[in-house]
Amino acid sequence: MKAEPSTMDIDPEEFRRLGRMAIDWISDYLAEIDGYPVLSRVRPGEIRQQLGDHPPEDEEGLDQILADFQKTIIPGITHWNHPAFFAYFPITGSGAGILGELFSAALNVNGMLWRTSPAATELEETVLAWLREMLGLPSSLWGIIYDSASMSTFHALAAARQIAGGSTMRTAGIQNRDRPLRLYTSEQAHSSVQKAALALGLGLDNVQLIPVDRHYRMGVSELRTAVQRDRDGGFQPMAVVATIGTTSTTSIDPVPEIGAFCRDSGIWLHVDAAYGGSAAVVPEMRWVLDGCELADSIVVNPHKWLFTPIDISVLYTNNPRVLKETFSLEAHYLQTSEGETGTNYMDYGLSLGRRFRALKLWFVLRYFGRRGLANRLRKHMEWARQLAERIDSHPNFERLAPVPFSTVCFRLNPKSRSLPPALLDDLNERLIGTINASGQCYLSHTRLEGRFVLRMAIGNLRTQFHHIDQAWETIQREARRLLTEVAS
Ligand SMILES: *Cc1c(COP(=O)(O)O)cnc(C)c1O
């Protein structure tokens with residue numbers, strides 16, 4: 001019997017027809033992605049204006065919705081799946097990952113408790129153990145998936161706060177403490193550390209930004225000094241956040257030394273390896289995670305450099321018990337019956353409902369295998385080194401940081417002319433503007449010691465060397481044009 005159309009969802013045969021259309025569209029999109037401008041060219045408000053001010057009163061056909069998706073939404077997309085996307089840290093929706101995400105949407109599981117989908121919980125436990133092994137991390141680490149590294153770091157620091165705060169933390173919170181809690185991270189750390197301090201009620205004044213050395217790595221003696229000064233000054237050191245692959249230059253903090261210091265001082269060590277951690281799937285890059293055996297928690301983002309569609313971030317910790325102590329409440333409608341021993345992941349974080357994110361990671365890890373992932377990441381790092389060599393040997397460019405992974409920081413700075421700093425900044429800002437407006441590639445920038453610096457990060461699965469080559473050609477061409485302008 002045919003379902004009443006006004007109360008039920010789409011007819012299965014209609015879904016099949018539209019689903020085929022959608023997969024065809026996606027296949028074409030991925031096949032022809034090179035032809036799109038990387039950075040969307042719309043002006044602010046342009047998309048919004050086409051969307052209409054009022055919600056539909058009556059049903060609309062999916063054919064029409066799909067047509068509008070193509071006509072209105074696609075022009076406003078910046079193509080993160082584009083092989084010439086070199087801004088921030090590139091990400092990839094791989095074919096396997098897209099299918100994993102599709103099935104996850106179809107199942108629409110809420111994995112809050114073990115029993116609300118045993119496979120969701122057990123697959124999460126399994127893929128996180130696999131990933132841990134692929135990265136060469138200690139088997140004592142327990143893992144959990146959150147949406148983003150910012151959330152992983154927030155949860156890790158909440159656990160650190162729980163330990164530092166002691167027995168009254170759950171009841172009194174951080175009110176009326178006589179010794180304010182303090183957090184330490186480097187000047188080059190990601191802003192998510194400060195956001196966590198905001199959300200945890202620590203206050204930004206209690207985040208101590210430790211100076212870095214000339215390669216942008218946290219200074220260990222500066223860290224020791226800051227901690228000692230705070231102890232003497234009536235503060236309580238709560239946690240140190242070290243970074244493996246900082247956001248601007250991908251520098252690697254000396255985690256073995258920092259870890260030894262934290263262990264001796266009884267301070268929680270959280271390692272932010274959101275981007276750089278993935279490199280450890282490459283055997284000769286395992287060393288980047290050296291010292292992580294001393295960490296209390298580590299974050300790695302498969303949605304960054306492991307070809308899994310956004311969002312999926314993994315937090316590993318030696319101390320899941322304290323994470324649970326921080327976040328679990330006993331609501332009677334959520335209590336499970338005796339004898340059920342499965343993990344209830346909702347007890348280990350802020351959110352109750354949990355997407356089935358492990359599924360896409362399972363698809364990706366199996367589709368590529370450790371070796372397949374390693375081969376691809378190795379290429380990205382090789383290409384970054386080749387780009388670095390070209391920059392180093394070019395008379396008009398200068399490189400500003402080492403390249404331990406696949407990100408290169410550089411700027412236009414002709415060796416034959418001594419241009420004033422303000423003009424150099426201005427030139428580089430104009431340079432990136434014209435490069436990105438070309439639509440051929442997309443770079444982002446950062447500031448290092450006040451200088452405006454271009455950043456080219458390689459990490460998209462579909463990137464080939466010719467995309468880097470072309471980007472480098474575009475950069476040189478636009479630079480020549482700008483220099484002629486300045487000279488005349
Ligand atoms: C990308 C990144 C983050 C933030 O990641 P989200 O998942 O977007 O929250 C934090 N730290 C480092 C080092 C990063 O590279």
Side-chain angles (χ1 to χ4, degrees), residues 78 80 85-93 97 131 135 143-158 183-200 207 209-210 212 215-218 239-255 258 269-280 288-289 291-292 295 297-316 349-351 355 357 360-361 377 380-381 384 401 403-409 444-446 448 455-460:
T78 288
W80 287 75
F85 188 107
F86 302 117
Y88 313 102
F89 288 119
I91 58 178
T92 307
L131 180 64
L135 300 176
I144 181 168
I145 295 174
Y146 299 112
D147 56 356
S148 60
S150 305
M151 286 304 276
S152 293
T153 292
F154 164 82
H155 283 87
L157 293 176
L183 193 57
Y184 308 82
T185 195
S186 95
E187 293 167 343
Q188 290 289 316
H190 190 265
S191 56
S192 55
V193 179
Q194 277 158 318
K195 268 204 186 172
L198 287 172
L200 291 166
V207 183
L209 297 180
I210 307 300
V212 292
H215 287 149
Y216 305 102
R217 298 172 297 204
M218 189 195 293
V240 174
V241 181
T243 312
I244 292 175
T246 56
T247 316
S248 279
T249 69
T250 72
S251 60
I252 302 170
D253 286 339
V255 176
I258 295 170
L269 172 62
H270 175 61
V271 175
D272 180 356
Y275 155 75
S278 300
V288 300
L289 294 179
C292 282
S297 53
I298 302 157
V299 53
V300 180
N301 270 14
H303 81 221
K304 268 209 172 128
W305 200 10
L306 283 181
F307 317 135
T308 312
I310 194 168
D311 50 6
I312 176 168
S313 174
V314 177
L315 180 73
Y316 287 112
L350 208 49
S351 64
R355 299 183 59 216
R357 295 188 180 90
K360 58 187 171 184
L361 184 56
L377 267 61
H380 294 166
M381 291 186 268
V403 180
F405 298 105
S406 64
T407 301
V408 187
C409 290
S444 57
H445 71 272
T446 187
L448 293 174
R455 241 175 116 272
M456 187 156 158
I458 299 160
N460 183 281

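Remember, it's 1-based here, ligands and their atoms both numbered in the order they're listed. Note that the coordinates shown come from a computational prediction; the quantities given were computed from them, not determined experimentally.
In this structure a side-chain-to-backbone donor-acceptor pair under 3.5 Å is present from R357 to D311. At least one donor-acceptor pair closer than 3.5 Å links the side chain of H303 to the backbone N or O of I312. Remark: the backbone N or O of L350 is paired with a side-chain donor or acceptor of H155 at under 3.5 angstrom.
Among V255, I258, L183, the single residue meeting the side-chain contact (heavy atoms from CB on, under 4.5 Å) criterion with V240 is I258.
Between C292 and V271 the shortest side-chain heavy-atom distance falls below 4.5 Å.
Here the straight-line distance linking atom OH of Y275 with atom NZ of K304 works out to 9.5 Å at 0.5 Å rounding.
Atom 9 (O) of ligand 1 has its closest protein heavy atom at S150 OG, 2.6 Å. Atom 11 (N) of ligand 1 has as its closest protein heavy atom D272 OD2, 2.6 Å.
Taking all heavy atoms of G245, S248, A149 into account, the minimum distance to atom 7 (O) of ligand 1 is reached by A149.
Those atoms of ligand 1 that come under 4.0 Å of a heavy atom in H303, given as number and element, are 7 (O). Of all the atoms in ligand 1, the ones that sit under 4.0 Å from a non-hydrogen atom of F89 are 15 (O). The contact set between ligand 1 and Y275, taken as ligand atoms under 4.0 Å from a residue heavy atom, comprises 15 (O).
Of the polar atoms of T246, none of the N or O atoms is found under 3.5 Å from an N or O of ligand 1, judged by distance alone.
Contact annotation: K304 has at least one heavy atom less than 4.0 Å from an atom of ligand 1.
Contacts with ligand 1 closer than 4.0 Å are made by side-chain heavy atoms of N301 only, the backbone lying farther away.
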Report the C-alpha separation of D147 and R355 in whole Å, then their side-chain angles, then the decisive distance to 0.1 Å, and conclude whether the salt bridge (Lys or Arg N to Asp or Glu O under 4.0 Å) test is met. CA-CA 9 Å; D147 56 356; R355 299 183 59 216; over 6 Å; no
